[in-house]
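Everything on this sheet refers to the single structure shown next.
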Amino acid sequence: MSRRILVTAALPYANGPIHIGHLVEYIQTDIWVRFQKLRGHRCLYICADDTHGTAIMIRARQEGRSEEELIADMREQHVRDFAAFDIEFDNYGSTHCDENRELCEQIWKSVTDAGLVIEKPVEQLYDPEAETFLADRFVKGTCPVCKTPDQNGDHCEKCLSNYTPKELIDPKSRLSGATPILHEAPHRFIQLEQLHEFLDEWTQSGEHLQPEIANYLKGHFLGDELRDWDVTRPPAYFGFEIPDFPGNYWYVWFDAPIGYIGSTHQWCKEHGESLDVWWRSPDCEVHHFIGKDITYFHTLFWPGILKTAGLNLPEKVHIHGFLTVDGEKMSKSKGTFIQASTYADHLNPSYLRYFFASKLSSKVDDLDLNLDEFKAKVDSDLVGKVVNIASRCAKFVADQPLSNEYPDDGGLFQQAADAADRIAELYENCDYSAAIREIMLLADRANQYIEAKEPWTLRKDESRQDELRDVCTVGLNLFRQIVVYLGPVLPRLVNQTDELLSEPIRQWDDARSPLLGTTVNQFQHMLKRVDPQQVEKMIDDSKETLPGGEAPQPSTLNQYNDGPESLAAEPMSGEECTFDDFMKVDMRVARVVEANHVEGADKLLQLTLSLGGDETRNVFAGIKSVYDPEQLVGRLVICCANLAPRKMRFGLSEGMVLASGPGGKDIFLLNPDDGAKPGMRVH
RNA sequence: GGGGCCGUAGCUCAAUCGGUUAGAGCAGCGGACUCAUAAUCCGUUGGUUGCCAGUUCGAGUCUGGCCGGCCCUACCA
């Protein structure tokens with residue numbers, strides 16, 4: 001029975017390039033879609049760029065062009081990157097399109113009519129110069145708890161405390177540097193709580209979500225009242241204006257998932273189909289593939305909206321974990337923050353498709369790209385086992401036809417044909433790694449068969465040429481079965497096999513009947529081993545392209561705009577320091593009780609530090625270029641109190657004041673947060 | 001602080017409802033072969049299932065505690 005299936009992958013944000021972390025999802029989804037199509041189902045792979053929000057607006061301003069120009073540019077890059085990895089969308093749209101706007105309006109009307117929308121005033125910091133409200137991460141200031149300057153609007157890196165931007169001391173806009181003003185504006189909220197009962201049932205039914213996700217929702221959200229969702233933004237904002245709320249815009253997270261439908265609508269218009277067939281039909285299964293970071297939106301908010309608007313609920317939300325590289329978070333400094341285009345410059349995308357497939361399961365676990373394992377797996381499985389089968393058979397029958405009758409192979413072909421359902425079920429359940437294991441088992445058996453039949457011996461005997469042809473007929477048919485099963489993962493290998501055997505693979509069931517009498521063409525190399533030098537180059541290139549380049553992600557990594565210059569100027573020592581080593585250095589809070597110029601010294605100031613009580617240290621510090629003695633008296637500093645005393649030209653120095661910076665005008669004394677007392681040890 | 005997930009061979013992972021002697025692949029080691037991209041084939045080493053207790057005729061699996069890792073959340077579950 002043929003199914004109608006609509007598949008989506010999460011919409012990448014139009015604020016940065018695609019990297020290999022993104023690719024886990026798009027490849028996982030692409031494999032699933034190709035699998036469904038190969039099985040003969042009607043299946044659409046829908047995606048789009050997510051284009052709205054403050055970040056896009058700000059970036060467009062910084063680059064001096066319109067948002068439309070920016071997102072058109074990004075979309076082009078994204079499309080190119082996806083194509084390089086054989087990720088084949090049926091439609092790749094944009095949330096900034098007429099179709100999406102219409103759908104937003106319709107759906108908004110539905111949730112409004114259902115009585116879910118409520119208006120409440122929201123106080124937020126407003127940048128009077130940039131004329132926009134500021135999201136928390138666009139405000140900086142001094143932490144209200146520990147008084148550390150230059151902290152984010154909602155969270156202090158130093159003392160890890162959370163607060164609201166309103167509490168921030170001396171707040172500044174990151175956009176214009178202006179002091180933000182507290183403004184109140186009306187926002188509209190969706191009262192998700194009204195759908196609580198439905199969401200309980202839908203998430204806990206066991207049919208739509210992985211069990212760990214259902215548990216997570218139950219524990220984190222559903223046990224309590226669901227919070228109202230703020231889904232509108234006052235100007236200025238790049239998005240769609242709301243018809244019944246003039247001057248205000250839908251929050252990007254409202255129109256982003258609707259983009260799935262908007263993009264489908266575009267496809268429908270092009271193909272003369274009705275949108276209802278895909279989104280308002282019990283006969284259509286909707287499947288979303290997403291990363292675990294956006295679980296909430298897709299498992300609570302989004303089903304709630306769909307339900308209210310009378311649209312198809314997802315049959316399944318497939319959630320995957322994050323990608324790590326060599327066991328760690330992707331890192332720019334280590335060169336493991338690898339962009340799709342950088343990868344494609346050096347390595348064959350099929351490798352990555354295969355590697356991801358061999359690691360992916362239906363669980364939410366993170367997936368590790370260990371580069372040694374990557375090479376070992378591709379070399380051993382794909383080149384050594386799979387392609388090798390064709391490589392060791394094809395040349396014996398090049399430019400000749402295969403046998404007209406399928407020879408006795410001891411049941412091998414039938415055995416592999418019987419695996420079709422089992423492998424299909426594994427693909428269907430997203431247990432790709434298990435499917436790959438099954439398929440590799442078939443490859444092992446095929447190699448064993450060839451080993452036993454020794455076609456290279458047969459070739460030498462004129463009287464056994466029919467036998468040789470039979471052996472190759474078996475070998476190449478076993479190879480072709482494997483290629484059918486790997487087809488969703490490796491479309492290029494399918495094409496190469498089509499050419500070799502002059503007969504295209506069209507469907508999953510091609511694995512059930514052998515190919516006979518077809519002419520075998522000259523064998524061409526299908527896949528090379530992974531070149532370790534290229535892997536290295538890719539890592540090197542990833543180190544170079546990022547600093548100063550375009551912001552890859554609106555993540556914490558770059559929202560502070562901290563460049564690598566300081567670290568580069570003074571690289572890490574690379575030497576490890578044990579805890580005991582560290583404890584040998586006795587650092588103390590100290591108060592500067594006296595500070596004087598030193599006659600004849602160009603850079604030095606003489607400081608008298610008090611460690612409390614009678615304990616003092618005489619210290620010469622090279623900070624004259626920046627600090628006046630007057631401003632130092634009374635302040636707290638950190639000093640090393642057990643540094644061996646050193647006789648200097650101007651006297652004995654009994655310690656060292658801690659400061660950072662390259663020198664000259666750039667010297668920054670360390671100071672403890674309020675509350676610290678002279679004499680306290682620094683741990 | 002609270003919660004979730006996880007811990008099985010050197011590495012990556014299996015093991016149905018609690019059921020026989022915990023299995024594969026890769027790596028390693030020994031051999032064979034020489035068609036094939038230094039590929040392949042045969043054989044083989046390798047385990048206190050993180051630790052401790054408990055339930056049970058029987059525990060990798062269930063319960064409690066501890067250790068370690070990842071993640072989510074935060075004067076909330």
Side-chain angles (χ1 to χ4, degrees), chain A residues 145 154-156 160-164 196 209-227 291-296 299 319-324 326-329 348 354-398 426 431-461 468 471-472 475-476 479 496 523-531:
Chain A
V145 181
D154 57 348
H155 173 81
C156 173
L160 301 176
S161 51
N162 294 300
Y163 40 81
T164 69
H196 200 135
L209 302 174
Q210 290 130 296
E212 57 264 56
I213 297 295
N215 288 337
Y216 164 77
L217 296 175
K218 197 174 171 186
H220 281 78
F221 300 105
L222 294 167
D224 210 343
E225 193 171 300
L226 294 167
R227 277 177 242 166
K292 63 184 180 183
D293 51 328
I294 52 176
T295 296
Y296 178 92
T299 57
I319 303 179
H320 62 81
F322 297 141
L323 179 74
T324 55
D326 285 340
E328 294 178 28
K329 248 187 204 173
N348 186 335
Y354 179 74
F355 183 80
F356 284 163
S358 77
K359 303 286 283 185
L360 278 165
S361 76
S362 58
K363 304 225 179 93
V364 191
D365 300 345
D366 288 351
L367 184 159
D368 186 46
L369 169 60
N370 177 292
L371 292 168
D372 293 333
E373 192 192 351
F374 171 76
K375 173 173 169 50
K377 204 148 210 162
V378 169
D379 288 358
S380 150
D381 288 1
L382 288 185
V383 182
K385 288 182 181 178
V386 176
V387 171
N388 189 39
I389 301 168
S391 172
R392 64 199 306 207
C393 289
K395 67 178 277 192
F396 298 133
V397 286
L426 292 170
D431 279 321
Y432 300 168
S433 60
I436 297 294
R437 274 200 300 276
E438 287 274 349
I439 297 167
M440 285 310 130
L441 193 65
L442 303 179
D444 285 340
R445 290 204 194 112
N447 274 308
Q448 287 161 18
Y449 171 86
I450 295 164
E451 194 78 17
K453 293 294 180 184
E454 301 188 37
W456 51 93
T457 308
L458 297 176
R459 183 185 51 160
K460 294 172 189 158
D461 188 340
L468 174 63
V471 168
C472 293
L476 288 171
F479 171 71
Q496 290 166 320
F523 181 76
Q524 315 270 343
H525 264 37
M526 291 176 162
L527 205 63
K528 281 192 301 202
R529 306 186 122 68
V530 176
D531 180 352

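Just so we're on the same page: letters track the sequence lines, and every chain starts at 1.
Comparing the P positions of B:U45 and B:G10 gives a spacing of 15 Å, expressed to the nearest Å. Using C1' as the reference atom, B:G46 and B:A39 are 26 Å apart when rounded to the nearest Å. A gap of 24 Å separates the P atoms of B:C70 and B:C62, to the nearest Å. Rounded to whole Å, the separation between the P atoms of B:A53 and B:A59 comes to 14 Å. Separating the P atom of B:A9 from that of B:A15 is a span of 15 Å, rounded to the nearest Å. Nucleotides B:C26 and B:U44 are separated by 15 Å at their C1' atoms, to the nearest Å. Using atom P as the reference point in both B:G31 and B:G68, the two lie 46 Å apart (nearest Å). Separation of the C1' atoms belonging to B:A14 and B:G60 is 12 Å when rounded to the nearest angstrom.
Atom P of nucleotide B:U40 and atom CD of A:E454 are separated by 17 Å, given to the nearest angstrom. The distance between atom CZ of A:F523 and atom C1' of B:A36, rounded to the nearest whole Å, is 9 Å. Taking atom CG of residue A:D381 and atom P of nucleotide B:C13, one finds them 14 Å apart after rounding to whole Å. Between the CG atom of A:L367 and the C1' atom of B:C71 there is a distance of 16 Å, given to the nearest Å. Spacing between atom NZ of A:K377 and atom P of B:C11 amounts to 14 Å, rounded to whole angstrom units. Counting to the nearest Å, the P atom of B:A39 and the CZ atom of A:F479 are 19 Å from each other. In this structure, the CD1 atom of A:I389 is 18 Å from the P atom of B:C35, given to the nearest Å. Computed from coordinates, the A:R445 CZ to B:U40 P distance equals 17 Å when rounded to whole Å.
Taking all atoms of both residues into account, the shortest heavy-atom contact from A:S358 to A:S433 is O-CB, 3.2 Å. Across every non-hydrogen atom of A:K528 and A:V383, the tightest pair is O-CG2, 3.8 Å. Nearest heavy atom pair, residue A:S362 against residue A:Q210, reads O-NE2, 2.7 Å. Of all heavy-atom pairs between A:G384 and A:N447, the closest is O-ND2, 4.4 Å.
Candidate nucleotides B:U40, B:U34, B:U12 were compared by shortest atom distance to the side chain of A:K359, and B:U12 ranks first. Out of B:U34, B:A36, B:C13, the shortest distance to the side chain of A:R392 is found at B:A36. For A:D366, taking side-chain heavy atoms from C-beta onward, the closest of the listed nucleotides B:C70, B:A14, B:U12 is B:C70. Taking the side chain of A:W456 as heavy atoms from C-beta on, and the options B:C41, B:U12, B:U34, the nearest nucleotide is B:U34.
Every residue was checked against the side-chain hydrogen bond (donor to acceptor under 3.5 Å, both in side chains) condition with A:Q448, not counting sequence neighbours, and none meets it.
Within the nucleic acid shown, A:M440 has no heavy atom closer than 4.0 Å to any nucleic acid atom. Within the nucleic acid shown, A:F396 comes within 4.0 Å of sugar-phosphate atoms alone, with no base atom in reach, counting heavy atoms only. A:V387 comes within contact range of at least one nucleobase, with a heavy-atom separation under 4.0 Å. Contact annotation for A:D444: backbone-only contact, meaning every heavy-atom pair under 4.0 Å involves sugar-phosphate atoms and none involves a base. Looking at heavy-atom distances under 4.0 Å, A:L222 makes no contact with the nucleic acid at all. Here A:N388 lies in heavy-atom contact (under 4.0 Å) with a base.
An OP1 or OP2 oxygen of B:C26 is reached within less than 4.0 angstrom by a side-chain nitrogen or oxygen of A:K385. A close approach under 4.0 Å does occur between a side-chain nitrogen or oxygen of A:Q448 and OP1 or OP2 of B:C42. In this structure, A:K395 reaches the B:A36 phosphate: one of its side-chain N or O atoms is under 4.0 Å from OP1 or OP2. OP1 or OP2 of B:A14 has at least one side-chain nitrogen or oxygen of A:K363 nearer than 4.0 Å.
Heavy-atom nearest nucleotides on RNA chain B were determined for A:S433 and for A:D379, and the one closer to the 5' end corresponds to A:S433. Residues A:H525 and A:N370 each lie close to RNA chain B; by heavy-atom proximity, the contact nearer the 5' end of the strand is made by A:N370.
Across all strands shown, B:C76 remains unpaired; no Watson-Crick or G-U wobble contact has both distances below 3.5 Å. With a 3.5 Å ceiling on both atom-pair distances, the Watson-Crick or G-U wobble partner of B:C57 is B:G19. Taking a pair to require two hydrogen-bonding distances under 3.5 Å in either a Watson-Crick or a G-U wobble arrangement, B:C5 pairs with B:G69. Remark: B:U34 base-pairs with no nucleotide; criterion is Watson-Crick or G-U wobble with both hydrogen-bond distances under 3.5 Å.
For A:K359 and A:D368, the salt-bridge test fails: no basic side-chain N is under 4.0 Å from an acidic carboxylate O. In this structure, A:D379 pairs ionically with A:K375, as a charged nitrogen and a carboxylate oxygen lie closer than 4.0 Å.
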Steps toward side-chain contact (heavy atoms from CB on, under 4.5 Å) verdict (A:L222, A:H196) = CA-CA 7 Å; A:L222 294 167; A:H196 200 135; 3.9 Å; yes
